[in-house]
Amino acid sequence: MEKTAITPIRSENYPEWYQQVIIAADLAENSAVRGCMVIKPWGYAIWELMQKDLDKRFKKTGHVNAYFPLLIPLSYLEKEATHVDGFAKECAVVTHHRLVADGKGGLKPDGELEEPFVIRPTSETIIGESFAKWVKSYRDLPLLINQWANVMRWEMRTRLFLRTSEFLWQEGHTAHASEDEAIQETKQMLEVYAAFAEEVMAMPVIKGEKPCFERFPGAVNTYCIESMMQDCKALQAGTSHFLGQNFAKASGIEFQNKNGSLEHAWTTSWGMSTRMIGGLIMTHSDDNGLVLPPRIAPQQVVIQPIYRNDEQRETVLAYCQQLKLDLEAQHFAGDEIRVLIDDRDIQGGAKSWEWIKKGVPLRVEVGPRDIEKDAVMLSRRDDLSSKQSTPRAELLANAVMFLTQIQDNLFAKAKSFRDSRITEINSQAEFNAFFASEQNIDSGFVLAYAVDEFAIEEYIKPLKVTARCMPLANNDTPGVCIFTGKPASRKMVFAKAY
RNA sequence: CGGGGCGUAGCGCAGUCUGGUUAGCGCACUUGAUUUGGGAUCAAGGGGUCGUGAGUUCGAAUCCCACCGCCCCGACCA
């Protein structure tokens with residue numbers, strides 16, 4: 001059998017493969033703090049690229065960035081009843097404001113706070129407090145704010161990127177004068193997420209609405225984008241919530257309308273997190289490590305100089321530096337092509353594999369033999385057998401096309417993978433059989449008519465299946481709920497999930 | 001918080017049952033030589049409060065007691 005860079009391979013042990021890819025690509029590691037990860041430079045660079053692109057999209061849709069406190073007074077969280085229920089069980093609480101010597105050479109907390117603070121699990125309540133101050137008139141609306149922040153949710157079981165106690169995200173919070181406008185905002189941001197996921201991360205997503213029992217605590221409606229991982233499990237890649245007037249009432253966000261009477265504003269919130277990096281890994285990577293879509297790759301081209309002595313070194317490096325400049329003069333997806341010359345003194349083979357494991361889209365080897373021909377050895381990460389001598393001029397002429405092809409190929413591959421694993425099901429018996437079978441771990445998504453009622457959860461919970469969403473694109477004729485037999489206007493996506 | 005397990009070099013482990021040289025192995029790291037276009041080989045090195053504390057003993061990684069920490073399995077979740 002062919003030697004792979006990652007062991008175990010996906011088919012042997014998918015969860016372990018996932019961990020190994022993260023280690024091999026040097027993306028992140030567990031920290032000394034339980035449940036919290038250290039995001040290493042290669043992983044953080046991916047996050048920075050995500051931030052940069054998303055931030056541009058937020059600005060383009062009229063949002064501005066601001067920053068709100070990490071600590072939320074306990075009483076704020078208590079204001080919205082459903083919200084409390086949703087987050088109470090996973091909050092870190094700050095109860096003291098200083099340390100004193102404990103007499104045993106250590107320190108102990110001292111100065112107990114009158115009112116404890118909660119480390120934000122999300123910021124609806126504290127941002128609501130500000131919004132209430134900022135909004136007086138209909139002329140102050142809409143208020144379109146985003147914040148880039150860390151949040152903390154005290155998780156029992158954690159996995160790098162997918163579920164950590166502290167994670168990085170952005171949370172958009174907006175307030176509007178009308179229900180309709182707030183709903184439009186909610187849907188607009190869902191579209192922004194979907195476009196980002198598909199265009200930049202090359203992750204095909206299903207846009208949908210969460211069933212009532214999967215809603216964000218305190219929301220009227222929750223919309224989401226759902227993606228399929230290579231083990232066929234679903235991953236929620238982004239959410240957008242229509243909060244109605246629930247939080248406006250809880251925080252007192254009121255405005256005077258044109259008639260002079262007071263109304264509660266309509267608010268939304270939406271977020272995407274570092275969890276998406278987990279999704280990126282599980283969508284594209286293979287048994288040789290990470291595979292990065294070029295648009296999210298910290299380096300798009302890595303040049304490996306090859307030489308045996310100082311004399312060759314000088315010639316080869318000069319050639320590489322010029323090649324780097326020529327590549328950087330070109331633009332892919334609006335940015336200079338990102339090129340790195342890896343001149344570290346380690347063995348060539350090991351170096352190649354390192355960049356393969358890190359998922360760099362294009363690898364270029366340049367040695368004296370290539371320079372004689374004015375060519376390079378080029379290989380593509382999406383096809384490791386592609387390594388071949390390529391004239392320098394050809395590389396320069398086609399670099400952008402290669403990156404575009406890789407980006408498109410990864411998306412197309414992921415999309416056909418997903419599309420071939422969506423099964424329509426028309427009866428509960430069929431549904432149970434589908435998910436009951438242990439062999440059906442890689443069985444994919446099920447699409448079936450179901451009513452949007454809490455009762456549905458009881459049918460699917462024993463199977464460890466979750467209702468992911470009701471796809472917005474669903475334009476099917478009305479049918480019958482496979483669980484309750486009631487008329488159902490929409491189909492629902494069911495899957496095992498992360 | 002319930003059930004199980006583990007703390008020995010950066011990582012992975014052996015040694016503990018049955019106390020006894022200078023605590024060992026693999027990977028990684030450093031140096032040198034030979035190599036080098038798909039994951040090198042050989043040689044020589046560096047690195048340890050054996051989780052912490054208190055005991056038993058001539059002698060403790062090993063036995064006793066207490067404490068601390070971590071991991072896995074269950075209820076929650078972007």
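Order of the sequence lines sets the chain letters (A, B, ...), proteins ahead of strands, with each chain counted from 1.
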**G-U wobble or Watson-Crick pairing nucleotide for B:U41 (cut-off 3.5 Å, both distances)** = B:A33
**Fill in**
Between the NZ atom in A:Lys324 and the CD1 atom in A:Ile337, the distance rounded to the nearest 0.5 Å is 11.5 Å
**Message:** Need the pair for B:C1. Rule: Watson-Crick or G-U wobble, both distances under 3.5 Å, any strand; none if unpaired.
**Reply:** B:G74
**Request:** Report the base-pairing partner of B:C6 (Watson-Crick or G-U wobble, both distances below 3.5 angstrom), or none.
**Result:** B:G69
**Fill in**
Side-chain contact check for A:Ile306: nearest option of B:C76, B:G37, B:G38 is B:G37
**Request:** Answer yes or no: does a side-chain N or O of A:Arg153 lie under 4.0 Å from OP1 or OP2 of B:C76?
**Result:** no
**Item:** B:A14 pairs with, by Watson-Crick or G-U criteria that keep both distances under 3.5 Å
**Value:** none
**Message:** Under 4.0 Å, counting only non-hydrogen atoms across every strand here, what does A:Thr164 touch: a base, just sugar-phosphate, or nothing?
**Reply:** base
**Item:** Whole-Å gap separating C1' (B:G37) and CG (A:Asp342)
**Value:** 15 Å
**Prompt:** Base, sugar-phosphate alone, or nothing: which one does A:Pro121 contact when heavy atoms must sit under 4.0 Å apart?
**Reply:** nothing
**Asked** A:Ala5 near the nucleic acid: base, sugar-phosphate alone, or nothing, with a heavy-atom cut-off under 4.0 Å?
**Response** base
**N or O in side chain of A:Gln236 less than 4.0 angstrom from B:A78 OP1/OP2** = no
**Prompt:** Does the aromatic ring of A:Phe167 sit over the six-membered base ring of B:A78, closer than 5.5 Å centre to centre and tilted less than 30°?
**Reply:** yes
**Fill in**
As its Watson-Crick or G-U partner within any shown strand, both distances under 3.5 Å, B:C50 has none
**Pair A:Thr125, A:Glu80: side-chain N/O donor-acceptor within cut-off below 3.5 Å** = no
**Asked** Do the charged groups of A:Lys387 and A:Glu365 touch, with an N to O distance under 4.0 Å?
**Response** yes
**Complete:** Closest to the side chain of A:Gln347, out of B:A78, B:G38, B:A40, is B:A40
**Message:** From CE of A:Met203 over to P of B:A78, roughly how many Å is that when rounded to an integer?
**Reply:** 16 Å
**Message:** Base, sugar-phosphate or nothing for A:Gly348? Non-hydrogen atoms, less than 4.0 Å.
**Reply:** nothing
**Residue matched to B:C63 through Watson-Crick or wobble contacts both under 3.5 angstrom** = B:G55
**Request:** Can you figure out which of B:G37, B:G39, B:A78 approaches the side chain of A:Ser273 most closely?
**Result:** B:A78
**Item:** Nearest to side-chain heavy atoms of A:Leu384, which nucleotide of B:G38, B:U36, B:A78
**Value:** B:G38
**Prompt:** Between B:U36, B:G38, B:G37, which nucleotide has the shortest distance from any of its atoms to the side chain of A:Arg308?
**Reply:** B:U36
**Request:** Determine the contact category for A:Arg157: base if any of its heavy atoms lies under 4.0 Å from a base atom, sugar-phosphate if only primed atoms, P, OP1 or OP2 are that close, otherwise nothing.
**Result:** sugar-phosphate
**Rounded distance (Å) that lies between atom C1' of B:A78 and atom CZ of A:Arg120** = 15 Å
**Prompt:** Is the NZ or CZ atom of A:Arg392 both under 6.0 Å from the centre of the six-membered ring of A:Tyr319 and within 45° of that ring's axis?
**Reply:** yes
**Asked** B:A78 C1' sits how many Å from A:Tyr193 OH, rounded?
**Response** 11 Å
**Message:** Without decimals, in angstroms, what is the distance between A:Arg363 CZ and B:G38 P?
**Reply:** 9 Å
**Sugar-phosphate, base or nothing in reach of A:Ile356, heavy atoms under 4.0 Å** = nothing
**Prompt:** Taking CH2 from A:Trp154 and C1' from B:C76, how many angstroms apart are they, rounded to a whole number?
**Reply:** 15 Å
**Prompt:** Does the pair A:Asp231 and A:Arg10 meet the rule for a salt bridge (charged side-chain N to carboxylate O under 4.0 Å, His left out), with working shown?
**Reply:** CA-CA 8 Å; A:Asp231 61 352; A:Arg10 288 165 290 179; over 6 Å; no
**Request:** Could you check A:His173, A:His63, A:His241 and say which one makes a ring-ring contact (aromatic ring centres under 6.0 Å, His included) with A:Trp270?
**Result:** A:His63
**Request:** Would you mind reading off the distance between A:Ile346 atom CD1 and B:U41 atom P, rounded to a whole angstrom?
**Result:** 15 Å
